[in-house]
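Here is the structure we will look at.
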Amino acid sequence: MSKLQETSKYISLILRHKPDVIGITLDEHGWANVDELIAGVSRTHPLDMAMLEEIVRTDEKGRYSFNEDKTLIRANQGHSIPVDVELEKVTPPEILYHGTGDRFASSIEKEGLKPMSRLYVHLSADLETALKVGKRHGKPIVYLVASGKMQEDGYEFFRSVNGVWLTKEVPVKYLEKDAGMNQV
Ligand code: HQG
């Protein structure tokens, strides 16, 4: 992992989960003050404004956004602390995907997908992304989520500005294990 990636990981921890590790707070929309973030992070990780701009610009998942004058920064999704990042409510495609580890299968097939430590269940528009997410949890499996049907039934879907699909929960009846996954 490069120095910049290490710093980025630390920033993701601060902006999504634990702003208190550097003694800062986020506002209700998840924004942190950029000067405070740089001052706090640079105590342990190399960071100045130019580096922070590079992290935001080059992040492969578009995890962060600045406000217009770059005095504030926030993570676009993935939070465990209760902030309202003004997610766009949108009509989902018929099918979305969720990748996870096979060790979670029996629990998921009993109780459905839950947000666990985060505010939302994270879904992807394509199988490949879901597979990547699943691999972070061990032997990957992918579930197809009947998102179109869920929306008809009144469930809400949101898409973060970096394209991650989010919903509060997915009951078992809308889940189907991807048959192709037996080959993985
Ligand atoms: C599982 C990454 C047992 C769920 C990715 C998942 C994503 C259950 C784990 C984003 C369950 C939570 C989020 C149940 C769900 N019983 N296990 N009923 N319901 N689970 O990390 O979706 O790189 O909080 O399947 O790209 O893996 O960090 O969620 O395996 O968008 O930017 O509980 O994180 O983005 O794990 O990942 P996580 P996730 P970043």
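For clarity, every value in this text was computed on a predicted model and none was experimentally measured. Here, residue 1 is the first one in the sequence, and each next residue gets the next number. For ligands, and for the atoms within them, numbers begin at 1 and follow the listed sequence.
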Report yes or no: is the cationic atom of Lys149 (NZ for Lys, CZ for Arg) under 6.0 Å from the centre of the six-membered ring of Tyr174, at an angle within 45° of the ring normal?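 Pair Lys149/Tyr174 does not count as cation-pi.
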
Between the side chain of [X] and the main-chain N/O of [Y], is any donor-acceptor distance below 3.5 Å?
| X | Y | answer |
| --- | --- | --- |
| Lys168 | Leu119 | yes |
| Arg159 | Val164 | no |
| His98 | His122 | yes |

With a 4.0 Å cut-off on N to O distance, would you call Glu53 and Lys70 a salt bridge?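 Counted as a salt bridge, because a side-chain N and a carboxylate O are separated by less than 4.0 Å.
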
Provide the closest heavy-atom pair for Glu6 versus His45 in the form atom of the first, atom of the second, distance.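 Looking at all heavy atoms of both residues, the closest pair is O-CD2, 4.1 Å.
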
Would you please write out the protein residues whose heavy atoms approach any atom of ligand 1 to under 4.0 angstrom, listed by chain and number?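 Lining ligand 1 at under 4.0 Å, by heavy atoms, one finds Arg16, Lys61, Arg63, His98, Thr100, Phe104, Ser107, Ile108, Glu111, Gly112, Leu113, Lys114, Met116, Arg118, His122, Val133, Arg136, His137.
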
